[in-house]
Amino acid sequence: MSEDNLSLTTEFVLTGFMDDPDLKPLLSVVFLVIYLITMVGNLGLVALIVMERRLQTPMYIFLGNLALMDSCCSSAIVPKMLENLMCADRKISLYECMAQFYVFCLADTVDCFLLAAMAYDRYVAICHPLQYHTLMPKKFCILMTLGAYIAGNLNTMIHVGLLFRLSFCRSHQINHFYCDVIPLYRLSCVDPYINELMILIFGGSIQIVTVIIVFISYLCILLTIFKMKTKEGIGKALSTCASHFLSIIIFYGSLLFMYILPRSENEGDTDMQIAIFYALIIPLLNPFIYSLRNKEVMNLIKRIIKRKPHNILKQISSSPMAY
């Protein structure tokens, strides 16, 4: 391998959204607005759960961690993307690339387990309400959350570790708006078969197991809902489940298409379009889908807004962490 080719292994150029320079200012504004709303919505939800003891229940502990992971996912991707849109220098080092992918992969893996845990929690709450506190004690909920983080880190370390076996000599340009493994595999002069196989085995297993849990949980919930006597109760429950299920379908569907299904060699534009959904849109929508449509959460937000700012800060500092 030549000296020029060896230098390519330490630095890349992200070329996503660079085809039309005239759109760069508009895209910068749109992505900045999405990022700010995402961070305010998700971190605001985390702060609300920490402040309010009545929200420190299994469902909201899962939601708080989901919001935290969505914030990490957006923060790993959007700031660098905005920098690339506004600056001429779009370079990213190999180690920065791996760090960005590590945070992104960790967030998405943990999200998979948290969504499954949330679906199971809703199943127990709706289908077995009298046994809820027995089947979903707070300690069990915390253990499930810790398990999600441990599994997420193990899965991510495997994929990031396997990146070190690759050498990149084909090009230094990544046709994406962040460092993802699929575009990196296309640049490798070493066969990435092992890397792709590990994604299929570990990523596929995680998706299959969590999707089965989600599907069975919501199927049982739907069967219970249809047994309700009041039409109003059925309509309200179906509306809630439909919004949750739509978010889950978009999230799992985009991950399945990106990482599990067979791919062609030249699908950069398609990759970016799909990545926008699970990297930007889902973290933006999750706080609204899971929490801000909840009357209890909205009433608490209205009550907090009426408080004095120094009282809110005092409550945050004195509140015990629930997760």
Side-chain angles (χ1 to χ4, degrees), residues 34 37-38 41-42 45 59-60 62-74 77 104-127 144-145 148 151-152 155 178 180 182 199-200 202-226 234-263 267 269-294 297:
I34 290 176
I37 296 174
T38 299
N42 285 290
L45 178 59
M59 183 61 178
Y60 286 103
F62 293 140
L63 273 175
N65 283 276
L66 183 71
L68 187 62
M69 287 294 97
D70 285 344
S71 300
C72 291
C73 180
S74 293
I77 293 173
F104 167 76
C105 184
L106 171 65
D108 275 358
T109 306
V110 173
D111 277 1
C112 287
F113 288 109
L114 289 175
L115 289 172
M118 288 164 60
Y120 175 73
D121 176 80
R122 289 300 84 198
Y123 157 73
V124 175
I126 294 174
C127 301
M144 290 175 70
T145 304
N155 178 62
Y178 72 94
D180 196 9
I182 302 300
I199 284 185
L200 182 62
F202 289 100
S205 299
I206 290 170
Q207 286 209 35
I208 289 171
V209 171
T210 54
V211 165
I212 288 174
I213 294 172
V214 169
F215 179 78
I216 293 176
S217 298
Y218 276 99
L219 181 61
C220 293
I221 289 171
L222 287 174
L223 293 175
T224 302
I225 288 173
F226 287 123
I234 293 175
K236 183 178 178 181
L238 283 176
S239 174
T240 302
C241 287
S243 60
H244 290 191
F245 208 61
L246 178 61
S247 172
I248 289 169
I249 288 173
I250 294 174
F251 176 74
Y252 279 108
S254 56
L255 289 181
L256 177 68
F257 188 88
M258 275 291 295
Y259 298 106
I260 307 302
L261 296 180
R263 315 300 310 285
E267 294 191 30
D269 293 337
T270 305
D271 288 349
M272 286 191 289
Q273 293 167 9
I274 297 169
I276 288 174
F277 279 98
Y278 64 77
L280 300 178
I281 303 302
I282 292 297
L284 171 69
L285 294 180
N286 275 345
F288 300 95
I289 291 175
Y290 289 105
S291 300
L292 298 183
R293 296 175 74 250
N294 187 307
V297 173

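In this text the structure is predicted, and so the values were computed from the model without any measurement. All values below come from the heavy atoms of this structure, side chains included, with hydrogens, waters and symmetry mates left out.
Scanning for side-chain contact (heavy atoms from CB on, under 4.5 Å) contacts around Ile208 gives Ile212, with sequence neighbours left out. Qualifying side-chain contact (heavy atoms from CB on, under 4.5 Å) partners for Val211, counting only residues two or more places apart in sequence or in other chains: Tyr252. Under the side chain to side chain donor-acceptor pair (under 3.5 Å) criterion, Thr109 pairs with Asn155, not counting sequence neighbours. In terms of the side-chain contact (heavy atoms from CB on, under 4.5 Å) criterion, residue partners of Leu106 (sequence neighbours excluded) are, by chain and number, Tyr102, Val110, Asn153, Thr156. Partners of Leu200 according to the side-chain contact (heavy atoms from CB on, under 4.5 Å) rule, which considers only residues two or more places apart in sequence or in another chain, are Ile260. Considering only residues two or more places apart in sequence or on other chains, Ser71 meets the side chain to side chain donor-acceptor pair (under 3.5 Å) condition with none of them. By the ring-ring contact (aromatic ring centres under 6.0 Å, His included) test, Tyr278 is found to be paired with Phe104, residues two or more places apart in sequence or in another chain being considered.
Residues Leu66 and Phe62 have side chains not in contact (no heavy-atom distance under 4.5 Å, counting atoms from C-beta outward). Side-chain contact between Ile282 and Asn286: present, with at least one pair of heavy atoms (C-beta onward) separated by less than 4.5 Å. Counting heavy atoms from C-beta outward, Thr210 and Phe215 have side chains that stay 4.5 Å or more apart.
Rounded to the nearest 0.5 angstrom, Ile34 CD1 and Ser74 OG are separated by 9.5 Å. Atom CD1 of Ile77 sits about 11.5 Å away from atom SG of Cys72, to the nearest 0.5 Å. Distance check: Tyr120 OH to Ser217 OG gives 8.5 Å after rounding to the nearest 0.5 Å. Here the straight-line distance linking atom OH of Tyr60 with atom CG of Asn65 works out to 15.0 Å at 0.5 Å rounding. We find the OG1-CG distance between Thr38 and Leu285 to be 8.5 Å, quoted to the nearest 0.5 Å. From Ile289, atom CD1 reaches atom CD1 of Ile248 across 9.5 Å, with rounding to the nearest 0.5 Å.
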- Message: Does Ile276 form a side chain to side chain contact (heavy atoms under 4.5 Å, CB included) with Ile281? I'd like the steps, not just the answer.
- Response: CA-CA 6 Å; Ile276 288 174; Ile281 303 302; 3.9 Å; yes

- Task: Might you work through the side chain to side chain contact (heavy atoms under 4.5 Å, CB included) test for Tyr218 and Ile126, ending with a clear yes or no?
- Result: CA-CA 10 Å; Tyr218 276 99; Ile126 294 174; over 6 Å; no

- Derivation and outcome, side chain to side chain contact (heavy atoms under 4.5 Å, CB included), residues Leu255 and Asp108: CA-CA 9 Å; Leu255 289 181; Asp108 275 358; 3.6 Å; yes

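For Cys127 against Thr224, the heavy-atom pair with the smallest separation is SG-OG1, 3.1 Å. Nearest heavy atom pair, residue Ala279 against residue Pro283, reads O-CG, 3.6 Å.
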Anything under 3.5 Å between a donor and an acceptor, one on a side chain of residues 111-118, the other on a protein residue two or more places apart or in another chain? List them.
none

